2 protein chains.
Amino acid sequence: MSSGTGIDKAPERISEAEHAVMEVLWHRAPQTAVEVCENLCDARDWSIPTVKTLLARLVSKGALATQPDGRRFLYTPLLERSDYVGTESRRLVDRLFGGRAAPLFAHLAQSEALSAQDIAEIERLLAELKK
Amino acid sequence: MSSGTGIDKAPERISEAEHAVMEVLWHRAPQTAVEVCENLCDARDWSIPTVKTLLARLVSKGALATQPDGRRFLYTPLLERSDYVGTESRRLVDRLFGGRAAPLFAHLAQSEALSAQDIAEIERLLAELKK
DNA sequence: ACATTCAGACTACAAATGTAAACATAACGT
DNA sequence: ACGTTATGTTTACATTTGTAGTCTGAATGT
C-alpha cells in the first residue's frame, strides 16, 4: 500500500510550518501559492514570501509536485496525508511509548482527551478489528 | 494535577536529542553525566561532550535539577515524564487529527501498529472509562 | 514595443538543534 | 605543593526551521 514507485527516497522530514501548508493542499488541490496564502496567512500571520519559501522547500523535499499554469504554478501533494500521518503517529508511539499504542491510549484517556464520541468510535473500530 | 508550584513558566520545548537524555533519567535518577552517557552514547553514537551539552540545556530549560555531589553533579528530572508525554501526545493529536483521538486510533489500527495485547489493554481501559 | 506587474528563484538572517572541541577549575594522588 | 585528571562551562559550527526581503524574467495592458 501507498508509495507505488518502489523508489522510496528517505523521505525528508517535514517541519511544522511545512505541514501547515500540506494540510491546506490536502484539503484542496491543486492550488497556487496565492491561494494557499489566502488559506493560511491570516491564521498563521504569515506573508506571501513565507508561503512561497515553504512551498519551495516542500517541492525540493519531494512532498509537492508543481504544474505550470500560465505564469504561475499549481501545487499538488505527492506525499499522501495518510502516509504522513501514519509516519508521524508511529514516530510518536515509538519514541514515547516503546512502540505500543495502549499506553498512548491510556494517556489520552487520563488527560480527558477522549470525547464520548471518540470512545464510541473507538469501540466501533475495536469491533471491526475483531471480526 | 501535576505541576505543584502554580508557576508554570511556559515550558520550553524539549528537542528529540534532549528527550533521549530525559528518558535515561526518568528510568533512573539521579545520575551523573558520565552515567547518562554510559546509558546513551553507544546507542546514539554520542560523545560525552554532547551529553553534557544536552544536560546543560535541559537544566537551563528547567527540565532537570542538579545537585552537587563532590566535584560532579547529579541530575534529576524536574519535568515529569507523564507531563511530557501528555503534552507531546496532545500536540500530535491536535496537529494531525484536529484534537480527536479516534482518528489516531483508526490510523494505528490500520497500520497494524496495534498488537493483540494493545487491543486487549484498550478494551480494558474503555471498560474502565465507562464505569 | 514598452512599462508595469506578478510569479517564482535566490538570498538573508536569527533561533533552535545536533554534535563536539577547548577551556577552566577543583580534587586527588604522590 | 604540584601536576594530572575528572567535571562542568564556554565556545564553536553546521544544519534545519521560521520568516521574509530582493532579484529576475515573463505575461499583460495600452
Side-chain angles (χ1 to χ4, degrees), chain A residues 9-25 30-76 79 84 87-88 91 95, chain B residues 9-25 30-76 79 84 87-88 91 95:
Chain A
K9 51 191 166 310
E12 293 185 67
R13 211 132 160 50
I14 286 177
S15 77
E16 188 182 320
E18 287 160 2
H19 167 243
V21 170
M22 291 303 289
E23 276 309 330
V24 168
L25 285 161
Q31 290 185 64
T32 67
V34 169
E35 285 169 330
V36 171
C37 187
E38 275 160 10
N39 286 302
L40 262 185
C41 287
D42 265 14
R44 308 272 308 209
D45 196 35
W46 282 345
S47 59
I48 301 178
T50 299
V51 171
K52 289 189 183 168
T53 299
L54 294 172
L55 286 169
R57 285 181 186 166
L58 285 166
V59 169
S60 96
K61 288 182 180 180
L64 291 180
T66 53
Q67 156 193 3
D69 170 54
R71 63 186 141 188
R72 65 250 173 101
F73 275 155
L74 293 178
Y75 296 87
T76 313
L79 175 65
Y84 175 75
T87 306
E88 290 299 305
R91 195 184 188 70
R95 218 163 57 86
Chain B
K9 49 189 165 314
E12 292 186 68
R13 208 127 161 52
I14 286 175
S15 78
E16 188 182 319
E18 287 160 1
H19 167 242
V21 169
M22 291 302 291
E23 272 317 323
V24 168
L25 286 162
Q31 290 184 64
T32 67
V34 169
E35 284 169 330
V36 171
C37 187
E38 276 160 10
N39 286 301
L40 261 185
C41 287
D42 266 13
R44 308 272 307 206
D45 195 36
W46 282 345
S47 59
I48 302 178
T50 299
V51 170
K52 288 191 183 166
T53 298
L54 293 172
L55 286 169
R57 285 180 185 167
L58 285 166
V59 169
S60 95
K61 289 183 180 181
L64 291 180
T66 54
Q67 155 194 5
D69 170 54
R71 64 185 137 187
R72 64 250 173 100
F73 275 154
L74 294 178
Y75 296 88
T76 314
L79 175 65
Y84 175 75
T87 306
E88 291 299 305
R91 195 183 189 72
R95 216 162 59 84

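Residue numbering restarts at 1 for every chain, and letters A, B, ... go by the order of the sequence lines. Given the structure is predicted, the values throughout are model-derived calculations rather than measurements.
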Let me have a per-nucleotide readout for nucleotides 23-30 of chain D, 5' to 3', with B, S or -, counting only protein heavy atoms under 4.0 Å. ----SS--
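- Summarising the geometry, the separation between CG on A/L55 and P on C/dC10 is reported as 15 Å, rounded to the nearest angstrom.
- For the pair A/R72 CZ and C/dC6 C1', the interatomic distance rounds to 10 Å; values are reported in whole Å.
- Rounded to an integer number of Å, the gap from A/I48 CD1 to D/dT19 P is 16 Å.
- Within the structure, salt bridge (Lys or Arg N to Asp or Glu O under 4.0 Å) pairs that include any residue of residues 65-75 of chain B comprise B/D69-B/R72 (at least two apart or interchain).
- Summarising the geometry, the separation between CD on B/Q67 and C1' on D/dT7 is reported as 16 Å, rounded to the nearest angstrom.
- Under the ring-ring contact (aromatic ring centres under 6.0 Å, His included) criterion, B/F73 pairs with no residue, sequence neighbours left out.
- In plain terms, the two heavy atoms of B/A33 and B/V51 that are nearest each other are O-CG1, 4.0 Å.
- Within residues 33-42 of chain A, no residue approaches DNA chain D, by heavy-atom distance under 4.0 Å.
- Within the 4.5 Å cutoff, side-chain heavy atoms of A/L64 are placed close to those of A/M22.
- The nearest whole Å value for the distance from the CD atom in B/Q31 to the P atom in D/dT7 is 14 Å.
- To the nearest 0.5 Å, atoms CG (A/L58) and OG (A/S15) are separated by 7.5 Å.
- The shortest heavy-atom contact between A/E35 and A/P30 is OE1-O, 4.4 Å.
- When every heavy atom of A/W46 is checked against every heavy atom of A/A20, the shortest pair comes out as CH2-CB, 4.2 Å.
- Rounded to whole Å, the distance from NZ on B/K61 to P on C/dA16 is 8 Å.
- No donor-acceptor pair closer than 3.5 Å links the side chain of B/Q31 to the backbone N or O of B/C37.
- Nearest nucleotide to the side chain of A/F73, out of C/dG8, D/dG8, C/dT17: C/dG8.
- A donor-acceptor contact shorter than 3.5 Å links the side chain of B/T53 to the backbone of B/P49.
- The nearest whole Å value for the distance from the CD1 atom in A/I14 to the P atom in D/dG18 is 11 Å.
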If the sugar-phosphate is the primed atoms plus P, OP1 and OP2 and the base is the rest, what is the B/S/- string for nucleotides 18-25 of chain C, using protein heavy atoms under 4.0 Å? BBBB----
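- Under 4.0 Å is where a charged nitrogen must lie from a carboxylate oxygen, and between A/E88 and A/R13 at least one such pair does.
- Taking the side-chain hydrogen bond (donor to acceptor under 3.5 Å, both in side chains) definition, one finds that B/E23 meets it with B/H19, B/R81, sequence neighbours left out.
- If you take NE2 of B/H19 and P of C/dT17, they are 14 Å apart, rounded to a whole angstrom.
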